[in-house]
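Values reported hereafter were calculated over all heavy atoms of this structure, with side chains retained and with hydrogens, waters and symmetry mates removed. Everything quoted here is computed from the prediction, not taken from an experiment. Quick note on labels: first sequence line is chain A, next is B, and so on, each numbered from 1.
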There are 4 protein chains.
Amino acid sequence: MTRESNRIPSMVKNRKLVEERRAQIIRGAQELFMRKGFHKTTTREIARECGLSIGTMYEYIQTKEDVLYLVCDHIHSELEARLKEALSETETGRESLMKAMAQHFRVMGELSDWVLLIYQETKSLPKEARKAILEREKEITALFQEILERGIRDHTLHLDPTSVPLMAHNIMVMGQMWTFRRWALAEHYTLEEFTRRQTAWLLQECTP
Amino acid sequence: MTRESNRIPSMVKNRKLVEERRAQIIRGAQELFMRKGFHKTTTREIARECGLSIGTMYEYIQTKEDVLYLVCDHIHSELEARLKEALSETETGRESLMKAMAQHFRVMGELSDWVLLIYQETKSLPKEARKAILEREKEITALFQEILERGIRDHTLHLDPTSVPLMAHNIMVMGQMWTFRRWALAEHYTLEEFTRRQTAWLLQECTP
Amino acid sequence: MTRESNRIPSMVKNRKLVEERRAQIIRGAQELFMRKGFHKTTTREIARECGLSIGTMYEYIQTKEDVLYLVCDHIHSELEARLKEALSETETGRESLMKAMAQHFRVMGELSDWVLLIYQETKSLPKEARKAILEREKEITALFQEILERGIRDHTLHLDPTSVPLMAHNIMVMGQMWTFRRWALAEHYTLEEFTRRQTAWLLQECTP
Amino acid sequence: MTRESNRIPSMVKNRKLVEERRAQIIRGAQELFMRKGFHKTTTREIARECGLSIGTMYEYIQTKEDVLYLVCDHIHSELEARLKEALSETETGRESLMKAMAQHFRVMGELSDWVLLIYQETKSLPKEARKAILEREKEITALFQEILERGIRDHTLHLDPTSVPLMAHNIMVMGQMWTFRRWALAEHYTLEEFTRRQTAWLLQECTP
DNA sequence: TATGAATGAGAATTCATTCAT
DNA sequence: AATGAATGAATTCTCATTCAT
């Protein structure tokens, strides 16, 4: 599930066991990183929280940064999975877009603490890992690009093809917006209102 | 200039000197925080970079977090000042909006490393300081709200008044977008194209 | 042995090891505190003296004050143990008192550097610990109260019962006297003479 | 008044001014040392408390230890002066002794916080200064020796002359006792009861 | 595989003292 | 005489990582 998990070497050979223990580690660390941030969480705390000894934990990772990577990767997997739930090839592009945006905002709202985590702690990752995380981000963005393109093909969305990447990114950013600026937005709008208005705005741009 | 600077107590009484030395500290720390991040920068490095002994530096701050606050506050001041340069009361709201958005995106592009800094390190600030930083963010957003409202009043912008806060935040987020996702956007658009398209999109929403 | 030792949390689980390492720490610190005082002794010196790395030492204590507490507690244990050696239930109260006083003065003389340590550094302890140390002091005083009361019961000591606490404290203070004012007393008296005179003085008060 | 004050060199030549400023310093420092102890009090705090700038303060002392010495010396002066108030050459030795003991206990009770200070912080003084402080202690003890000797000479006190120093020290220690062990003694006795019992005990020894 | 004691470089902060003004 | 900004050595404590059992 945590797709990139195999990028991180482990001392332990048994694949199944590695998978299982890392799930434990992710569960414990996620909670802690969210509450205290990456830097203020110690490896000891992570070990304790996930029920392993430090020695054992280090059999499954190499550095503390690995844990952060594991967590970020897992969150991305979750985001992507939840988004894909709402996708269907049988609908028109326009319908798909509306559903996808609604789901995207809903998920970003529900997992907002996790999303925050990704955007705030990614910079603590070593270059390679940071790149891999950006790649995931790109992939999710690509999902929206595909929907937009499908809409163009089936003539339910009228949009200059050169605007497709921009609009996909705009959608992504709208999602983040709900997690980063909720402190201000929630004073004025509910998630449903927010979704309705933003979707309407975007769709209008895609209407002849 | 660094408006909130007087929130942080100093051992040194001479106001002028405090102002001056803190400017030194900000200059040195900004550079380092940008390059290495807050946590990986040591107080000794900051002191060395800004040409003070640690002892002396600590006469002007109380904790390392104070330096971060000083830096964030300074960046916000810069952003706000640069944005205000482009504002003028004599134009129509629509004209103002176009200029302000262009300037905003330009500034966010130029200072993108600094902007990144604010959004990534703010969480390391103590609660009080974090709140003060959010306040600054609100104030800049308010500038766009005022422009939008002026446009509504002078009938050059047609927008449901309840959408004003949302659109102001959308503009803010578009600015951040250019700093956070430039790695992806710059593959497709120049800053000018980005500005043109986003402005057009937003203005269309404000056209009957 | 260092009875209160378990009040101080340790990172290390193995009870036996904790006992052992703390004994090491006490041994090293006692010597240093005696020579240089608590404040002028650094944690690194303590670690070096007791053959542990600082990191390791800090696995067994939480703060430098903990070391002081451990040392004070250990000294009290020693004092109490040595005093109890001389006690016997089978003798008359009067005989007991004489033996106990002699032993007390002897021990206070032998361990005078340690005793000095307790009385001079206790104030550097956090409140809770200071209270625990006073408690030990009370317990030793109580030993003398019991002897006096036994003497009253078996009619070998004639003393107003309301004077029992006062006399017990007087004995304690006589013991400290030999450590605190030896610089002056030793010019005139040997420990034996001191013991004889003070015992005689006190016993006379307890003779009809 | 602070007799030994001239042992400590000052940058300032004007004797009167030195006297005056040092009195200021003593007043401020005494309070702080009592509350926080010598080590936890900073020179800056002392300067602030006594209304001088640090620079100025250092014109009148050489090191922080000097301040401690000044304070201890001043306390001793106070103790001695208060004790001497109660002395009179015209009474019998016995009467003198009773009055002196009562006054001694009273003063030690009243100034107990200061007395504590002397006994707990003296060890922080450099050797020379520590010796000077012990000298003061000796002098006060000598006052009691003189009274005892006068009593022997005028036949109102019957005491083996070789016991004179011991008894003088016993009196001194009884005084300290009331400051050091008040936490326990005050549960059983008032200062008056304490004085009466201790005086009676001592006088009995001096009665044929 | 699992454990957890050991390590020590490294970090933030303090504070007595000086000295140019 | 008075001031107070500057200094930097010194101090306590932390924590990611290793490795012998």
Side-chain angles (χ1 to χ4, degrees), chain A residues 10-14 17-18 21 39-48 52-67, chain B residues 10-14 17-18 20-21 39-48 51-67, chain C residues 10-14 17-18 20-21 39-48 51-67, chain D residues 10-14 17-18 21 39-48 52-67:
Chain A
S10 162
M11 288 281 87
V12 175
K13 295 306 153 200
N14 181 339
L17 194 52
V18 172
R21 290 272 183 270
H39 281 101
K40 294 209 176 138
T41 302
T42 68
T43 50
R44 272 166 133 133
E45 283 174 313
I46 299 172
R48 193 185 320 124
L52 300 174
S53 68
I54 332 174
T56 301
M57 189 173 88
Y58 266 90
E59 295 287 307
Y60 296 93
I61 55 162
Q62 309 233 68
T63 69
K64 193 186 166 192
E65 272 89 15
D66 284 352
V67 180
Chain B
S10 163
M11 288 277 86
V12 175
K13 302 293 161 193
N14 183 336
L17 195 52
V18 172
E20 193 182 316
R21 290 272 182 272
H39 281 101
K40 293 210 176 136
T41 302
T42 68
T43 51
R44 301 189 107 86
E45 284 174 313
I46 300 173
R48 194 183 321 125
L52 301 173
S53 68
I54 333 174
T56 301
M57 187 172 89
Y58 267 93
E59 293 284 302
Y60 295 93
I61 55 162
Q62 311 231 71
T63 68
K64 194 184 163 193
E65 271 90 16
D66 284 352
V67 179
Chain C
S10 162
M11 288 277 86
V12 174
K13 303 293 161 191
N14 183 335
L17 195 52
V18 172
E20 196 181 313
R21 290 272 181 271
H39 281 103
K40 293 210 176 137
T41 302
T42 69
T43 52
R44 301 189 106 87
E45 283 174 314
I46 299 173
R48 193 183 322 124
L52 300 174
S53 67
I54 332 174
T56 300
M57 187 172 89
Y58 267 93
E59 292 284 300
Y60 295 93
I61 55 162
Q62 310 232 71
T63 67
K64 194 184 163 192
E65 270 92 15
D66 284 351
V67 180
Chain D
S10 163
M11 289 280 88
V12 176
K13 295 306 153 200
N14 181 340
L17 193 52
V18 172
R21 290 272 182 270
H39 281 102
K40 294 209 174 137
T41 302
T42 67
T43 51
R44 271 166 133 134
E45 284 174 313
I46 299 171
R48 192 183 323 125
L52 301 174
S53 68
I54 331 173
T56 302
M57 189 172 89
Y58 266 90
E59 294 286 307
Y60 297 91
I61 55 163
Q62 310 234 66
T63 69
K64 193 185 165 192
E65 271 88 15
D66 284 352
V67 180

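- Between Arg21(A) atom CZ and dT1(E) atom P there is a gap of 10 Å when expressed in whole angstrom units.
- Phosphate contact (OP1/OP2 of dA2(F), side-chain N/O of Tyr60(D), threshold under 4.0 Å): present.
- Close to dA2(F), at under 4.0 Å from its OP1 or OP2, lies no side-chain N or O of Ser53(D).
- If you measure from atom CD of Glu59(C) to atom P of dG4(E), you get 13 Å, rounded to the nearest angstrom.
- Across all strands, Ser10(B) comes closer than 4.0 Å to no nucleic acid atom at all (heavy-atom distances).
- Closest approach to the Thr56(A) side chain among dT3(E), dA16(E), dT7(E) is made by dT3(E) (side chain taken as heavy atoms from C-beta onward).
- Put simply, NZ on Lys40(A) is 18 Å from C1' on dA16(F), counting in whole angstrom units.
- Interatomic distance, CD1 of Ile61(D) versus CD1 of Ile46(D), reported as 7.0 Å (0.5 Å rounding).
- Distance, Tyr58(A) OH to dC15(F) C1': 9 Å, rounded to whole Å.
- Between Asp66(C) atom CG and dT12(F) atom P the separation is 13 Å, expressed in whole Å.
- Across all strands shown, Arg48(D) has no heavy atoms under 4.0 Å from either base or sugar-phosphate atoms.
- In this structure, CG of Leu17(C) is placed 14 Å from C1' of dT3(E), rounded to the nearest angstrom.
- At a threshold of 4.0 angstrom between heavy atoms, the contacts of Leu52(C) with the nucleic acid are absent.
- Using the Watson-Crick or G-U wobble rule with both distances under 3.5 Å, dC15(E) pairs with dG8(F).
- Between Lys64(D) and His39(D), the shortest heavy-atom contact is NZ-O, 3.8 Å.
- Side-chain proximity of Lys64(A) to the nucleotides dT13(E), dT17(F), dT3(F) is greatest for dT17(F).
- In this structure, Lys13(D) reaches the sugar-phosphate backbone alone: every heavy-atom distance under 4.0 Å involves primed, P, OP1 or OP2 atoms, never a base.
- Contact check for Met57(C) versus Arg21(C): no side-chain heavy atoms found under the 4.5 Å cut-off.
- In this entry the distance linking CD1 of Ile46(A) with P of dT17(F) reads 10 Å, nearest Å.
- Shown here for Val18(D) and Ser10(D), the closest heavy-atom pair between the two residues is CG2-OG, 3.7 Å.
- Among the heavy atoms of the strands, none lies under 4.0 Å from Met11(D).
- Summarising the base pairing, dA20(F) is matched to dT3(E) through a Watson-Crick or G-U wobble pair whose two defining distances lie under 3.5 Å.
- Here the nucleotide nearest the side chain of Arg44(B), chosen from dT3(F), dA10(F), dA1(F), is dA10(F).
- For the pair Ile61(A) CD1 and dA16(F) P, the interatomic distance rounds to 10 Å; values are reported in whole Å.
- Taking only side-chain atoms of Asn14(A), from C-beta outward, the nucleotide of dT1(E), dT17(E), dT3(F) with the closest atom is dT1(E).
- With dA16(F), dA2(F), dA16(E) as the candidates, the nucleotide lying closest to the side chain of Thr42(A) is dA16(F).
- Both Ile54(B) and Met57(C) sit near DNA chain E, but only Met57(C) has its closest nucleotide nearer the 5' end.
- Looking at every heavy atom in both residues, Ala47(D) comes nearest to Ser53(D) through CB-C, 4.1 Å.
- Taking only side-chain atoms of Thr43(A), from C-beta outward, the nucleotide of dA1(F), dA16(F), dA12(E) with the closest atom is dA16(F).
- Where Gly55(A) and Gly55(B) meet DNA chain F, the nucleotide closest to each residue was compared, and Gly55(B) sits on the side nearer the 5' end.
- For the side chain to side chain contact (heavy atoms under 4.5 Å, CB included) with Tyr58(D), the qualifying choice from Leu52(D), Thr43(D), Asp66(D), Thr63(D) is Thr43(D), the only one to do so.
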